[in-house]
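In this chain, numbering begins with 1 at the start of the sequence shown. Heavy atoms only: backbone and side chains are in, while hydrogens, waters and symmetry mates are out.
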Amino acid sequence: MINKDTIDRIMDATRIEEVIGEFVSLKKRGANHIGCCPFHNEKTPSFYVSPSKGIFKCFGCGKSGNAVGFLMEHEHYSYPEALHWLADKYHIHIEEEQMTEEQKERQTERDGLFHVSEFAQKYFADLLYNDEAGRAIGLSYFHHRGMSDEIIKSFGLGYCIDEWDNFTKHARQNGYSDAVLEKTGLTIFKEDGKCFDRFKGRVMFPIYSISGRVLGFSGRTLSKEKQVAKYVNSPDSDIYNKSHTLYGLYQARNAISRADKCYLVEGNVDVVSMHQSGVCNTVASCGTSLTIDQIRLIKRYTPNVTVLYDGDSAGIKAALRAVGLLFEEGMHVRVVLFPDGEDPDSYAQKYGSTQLQEYLHDHEENFVTFKTRVLLEDVQNDPIRKTEVLKEMVRTIALVPDMIERQEYVKQTAFRLNVSENILTQELAKTMASNAQKAWKEEQRRNADNAPVPPAEAEPAPAEGPTPSEPPIPQPPAEPPAAPNYNTAEVQEQQLIRLLINYGDKEVMQEGVDEAGNPCPISLRVAEVIVDEITDNELSFNNPILQQIFNLYRDAVSQGQPLPDANFFAMSSDAPLRNTALTLMLNPYSVSPLWMERKNIAVPTPLTYLRREVEETILSFKQKKLDQELEKNAYQLRTCTDPDDTLILMAQRQQLTQLRQAVCKQLNRVIV
């Protein structure tokens, strides 16, 4: 039990920005600090820490509290454990009363898992130096791999005796139950009641949480028998999930923040060896392929990741697989491949730490350049394979969320593939539009799957009429007519913007007049025709995103600037604008070549009748806007009570009707 005076001293010494800074990369902004929230995935920081008030608040997910609350939420500490953590950080001594048996019994199962894991780590580490077999086998192995005693102790490395139940007996003797031993995976129990140590005869690599709590273990065998698994890892439990954990992050987190870069390697030994060589901003996935949750852990400290893999074909394939997820999460990715047959550990042992760091610096290249180079090695002069490489690179670049970074990748890839940037940009626009459409369909499917089934409505009971002795029930006054829905021109609006985006720079012949006032044809761009008609008639779009796109073309035409093109929209950071424009760039339908090949029928393209298409689309848009105005006028007439206003509305209706008749006549449509 911790008394109030001690709690007050802990809270007085605590600086919340220092505590949260252990887990989240914070940047000072005025009197506060800001960072990406650790409680939900976000790309734009909305997590604020106020040192003066001693509180944190996320304006994205709503989480808030003080330093103790943060530790309880983020690290799943109990209240006393959070206070102990803060006391250790600020060197405040806590005097506690001995826990009673009743209090021990109330200890949660989760606490028991943490306690037995920490107990096991200390036991394995002790055996490494104080047991004859531990020194002869475990410690000699680590020393043979070039690891110093300092690095061994900083990672808490150890050794599990090669006996069936050495650790299990020791844990039982110290009061740990079979239940917690089984749930942490430290002991495997068989149906016949027998048990054995999961990690017997293995050197031990403890896996820590960000705050330094032992979550699980990875054990490496020293046996050369082929049937023995090289690594055995703790199973997932209430405290450990390998997909949410990175090996070495506890030791590397501060170095990652300082360097603003994280090195990602394949194995535990590589991590320790990199730290031994002075490259302390290094982590590895815990016995699993890289996951989104692991990437988000890294992103708390830096968006810059350099992937280190072996130089053989397996290493190259592993690098290619890992980077797609990194790109999707907005990470800036680079790659270093070691010479064939080498990995970070072997290279460091062979050449030393100085040469290792020089190699990392000299051989680092951005992933798109690396992937293009690797894929081009097998292309030679085959145009089909080169086309496949181009499409594969477009699919990769389409994963990058940052507009400026995508633009740079397009330039580099176009140069290496010796193709036009415009070709790459157009393909990129199509791919991104297709990806957006697939994502939308997937979201619709998930929403449909998760939609609650509405309960069956009970059949209403028949209404009972009033008895003769009852007065008649007064009826509510009739409701006014419902207001019309004016958003009925979506198809025409989309078609106008589709023409602007796809054919805005194409020229069409229009009727004009010369200097003497005589009729003569003039050539105008489609964008100029559409912008002039919409602007002169003071028309607008109901869809705000389509209006935004139209405004871009209107401004470009009026200012004599180049029109927005595929590259402009593909690189836009405005997601709704980008997705809408890219969708309108794509034509979901295509004409089969069999029409020309077998039936000798030439199917006209949109360019064949572009002038007519533009004129009819503008007229259809005008008609829809007039329909909206007439509907609005009809509603006003139905609800108007002033005779003078009614006369004005009737005059407006006559004028609107005449305009609509004129437009329909131009469209050769039946007027109703």
Task: From Cys37 atom SG to Tyr48 atom OH, the distance as rounded to the nearest 0.5 Å - done: 12.5 Å
- [ ] Measure the CD1-NZ distance between Ile256 and Lys299 for me, rounded to the nearest 0.5 Å.
- [x] 15.0 Å
Task: side-chain hydrogen bond (donor to acceptor under 3.5 Å, both in side chains) partners for Arg334, two or more places apart - done: none
TODO: Using side-chain hydrogen bond (donor to acceptor under 3.5 Å, both in side chains) as the criterion, list what pairs up with Arg258, not counting sequence neighbours.
DONE: none
Open item on the list: Checking side-chain polar atoms at under 3.5 Å, does Ser285 have a donor or acceptor matched by the opposite partner on Gln294?
Closed with: no
- [ ] Check whether the side chains of Glu405 and Tyr409 place a donor and an acceptor atom closer than 3.5 Å, and report yes or no.
- [x] yes
List the atom pairs, with distances to 0.1 Å, where a side-chain N or O of residues 139-147 and a protein N or O form a donor-acceptor pair under 3.5 Å, not counting sequence neighbours.
residue: Ser140; atom: OG; partner: Ala136; partner atom: O; Å: 2.5
residue: Ser140; atom: OG; partner: Ile137; partner atom: O; Å: 3.1
residue: Tyr141; atom: OH; partner: Arg145; partner atom: NH1; Å: 2.7
residue: Tyr141; atom: OH; partner: Arg220; partner atom: NE; Å: 3.2
residue: His143; atom: NE2; partner: Asp149; partner atom: OD1; Å: 2.7
residue: Arg145; atom: NE; partner: Asp345; partner atom: OD2; Å: 3.2
residue: Arg145; atom: NH2; partner: Asp345; partner atom: OD2; Å: 2.3

Open item on the list: Using the rule ring-ring contact (aromatic ring centres under 6.0 Å, His included), only one of Phe124, Phe167, Phe155 pairs with Phe217; which is it?
Closed with: Phe124
TODO: Give a yes or no on whether a salt bridge exists between Lys28 and Glu17, defined as a side-chain N under 4.0 angstrom from a carboxylate O.
DONE: no
- [ ] Output yes when Arg213 and Glu81 qualify as a salt bridge under the 4.0 Å nitrogen-oxygen rule, no when they do not.
- [x] yes
Task: Flag, side chain of Arg253 to backbone of Glu22, donor-acceptor distance under 3.5 Å - done: yes
Task: Under 3.5 Å: donor-acceptor pair, side chain of Gln276, backbone of Ser353 - done: no
